[in-house]
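The structure under discussion appears below in the form of C-alpha cells.
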Amino acid sequence: MHVAIIMDGNGRWARERGLERVDGHREGAESVRACIEAAVEDKIDQLSLFAFSEENWGRPADEVGTLMKLMMKSIAEETENLLSHDVRFRVLGDLGKVPPLLRSAIATLEDVTSSCKGLQLNIFLSYSGRWDILQAAKRFAASEKEPESASAADFAKYLVTDGIPEPDLLIRTSGEQRISNFLLWQCAYTEFYFTPVLWPDFRKPEFREAVREFAHRHRRYGLVE
Ligand code: IPE
Ligand code: IPE
Ligand code: MG
C-alpha cells in the first residue's frame, strides 16, 4: 500500500498557541517521525510526504531557511533510525533549487539506505505536479523514439515517480480540501482523505484512523463491478 500525505497546518497550529510559524514546523517534524514509525509498524510499502512545494519558495526567506535547516537536522538525527528500520529514503523534486549542503546530505542518505527493503519513504521537496509533468514531457520529447504510439505508461516513465506505484490513499490535514499541485498525474485514481486535524497534531492514531477508513472504500477505476 502507498500512502501519500499533504502535511498542512503548521502555521495555524502555531498561531493558535501564540507561537511563531517556525515552532509549528518544528512540532510538525515530530508528526513526520510518528507517521514514519506507524508506517513501519503497519508494514506500509510506500509513504510519500509533501514537505515543500515549488510555490513554497515564495514564502518569507527566514521561514524557507528554517524549513531547510529543519530538514538538515532531521536527516542528521534520523539516519540511524531509518537504517535500523530498513527504511529506504528518497527525495523527489526540483533539487537544483535546494541549498547544496542539504542536497549532499540527501544524496548521502539516499545512498546509504538504497538497499533497504522495508518501507520506502519518498520526501517531495521543491516539488510540484505541473513541474513534474512538464519535465517529463521535455524528456519524453527528447528521447522517445516513437512518440505517436506511446502509451500513458510509457510517458509515466519520465515522471520523477518512475518505479513508485501510484498512491492508494492521499491524506490532507488542516481542513483544506485541495491538491495544491501535488501528484497531479499520479493521483488519477487515488482515494482522498481530508481531516481538520492540523499537521502537528496528526500522530499515529490519526494516521491509523485514515488507513482504517480507506479499507472501506470501493475503488472501481471507471468500471462496472
Ligand atoms: C505546512 O504547513 C508546511 C509547509 C507547507 C511547508 P503550513 O506552513 O502551510 O501551515 P499553514 O497552512 O499556514 O497553517
Ligand atoms: C501544500 O501546503 C504544500 C505542502 C504541504 C508542502 P500549502 O500550505 O503550501 O498549500 P496552500 O497554499 O494552502 O494551497
Ligand atoms: Mg498551508
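Just so we're clear, the structure is a prediction, and the values are computed from it rather than from any experiment. Ligands are counted one by one from 1 in listed order, and the atoms in each one are counted from 1 as well.
The proximity of Phe124 to ligand 2, defined as any non-hydrogen pair under 4.0 Å, does not occur for either the backbone or the side chain. Residue contacts with ligand 1, taken as heavy atom pairs separated by less than 4.0 Å, do not involve Arg15 at all. Only side-chain heavy atoms of Arg59 come within less than 4.0 Å of ligand 2; its backbone N, CA, C and O stay farther off. Looking at Arg172 against ligand 2, only its side chain comes within 4.0 Å, counting heavy atoms.
Heavy atoms from other residues, nucleotides or ligands lying under 6.0 Å from CD of Glu146 number 12 at most. When the shell of 6.0 Å around CZ of Arg139 is examined, it contains more than 12 heavy atoms from other residues, nucleotides or ligands.
A salt bridge is absent between Glu144 and Lys157; no separation between the charged side-chain nitrogens and carboxylate oxygens falls under 4.0 Å. Taking a cutoff of 4.0 Å between a charged side-chain nitrogen and a carboxylate oxygen, Arg203 and Glu206 do not qualify as a salt bridge. With respect to Arg12 and Glu176, a salt bridge is recorded, a charged nitrogen being found less than 4.0 Å from a carboxylate O.
The main-chain N or O of Asn10 is never found under 3.5 Å from a side-chain atom of Arg21 such that the two would form a donor-acceptor pair. Here the side chain of His25 pairs no donor or acceptor atom with the backbone of Leu67 at under 3.5 angstrom. Checked by atom type and distance alone, the side chain of Asp86 pairs as donor or acceptor with a backbone atom of Gly118 at under 3.5 Å. Looking only at distances, no side-chain donor or acceptor of Ser53 sits under 3.5 Å from a matching main-chain atom of Ser128.
Protein heavy atom in closest approach to atom 9 (O) of ligand 2: Asn56 ND2, 3.0 Å. For atom 10 (O) of ligand 1, the closest non-hydrogen atom on the protein side is Gly11 N, 2.9 Å. In terms of protein heavy-atom proximity, atom 14 (O) of ligand 2 is closest to Ser180 OG, 2.6 Å.
For Asp8, the N, O or S atom closest to the Mg ion (ligand 3) goes by the atom name OD1.
Proximity of Glu176 to ligand 2 is not established, as no heavy-atom distance is less than 4.0 Å. Not a single heavy atom of Ser174 sits less than 4.0 Å from an atom of ligand 1.
Listed by number with element, the atoms of ligand 1 under 4.0 Å from a non-hydrogen atom of Ala51 are 6 (C). Counting the atoms of ligand 2 from 1 in the order shown, those under 4.0 Å from a heavy atom of Arg178 are 11 (P), 13 (O), 14 (O). Set against the non-hydrogen atoms of Met7, the atoms of ligand 2 under 4.0 Å away are 5 (C). Annotation for ligand 1: atoms under 4.0 Å from non-hydrogen atoms of His25 are 3 (C), 8 (O). Against a heavy-atom cut-off of under 4.0 Å, Phe52 is close to the following atoms of ligand 2: 6 (C).
Taking backbone and side-chain atoms together, Glu176 has no N/O/S atom less than 2.8 Å away from the Mg ion (ligand 3).
Of all the listed residues (Leu70, Asp8, Thr173, Ile6), Asp8 holds the heavy atom that lies closest to atom 7 (P) of ligand 1.
Ring centroid separation for the pair Phe124 and Phe182 comes in under the 6.0 Å cut-off.
Considering every non-hydrogen atom in both Ile106 and Phe89, the closest pair reads O-CE2, 4.2 Å.
For atom 12 (O) of ligand 2, the nearest protein heavy atom is 4.0 Å or more away.
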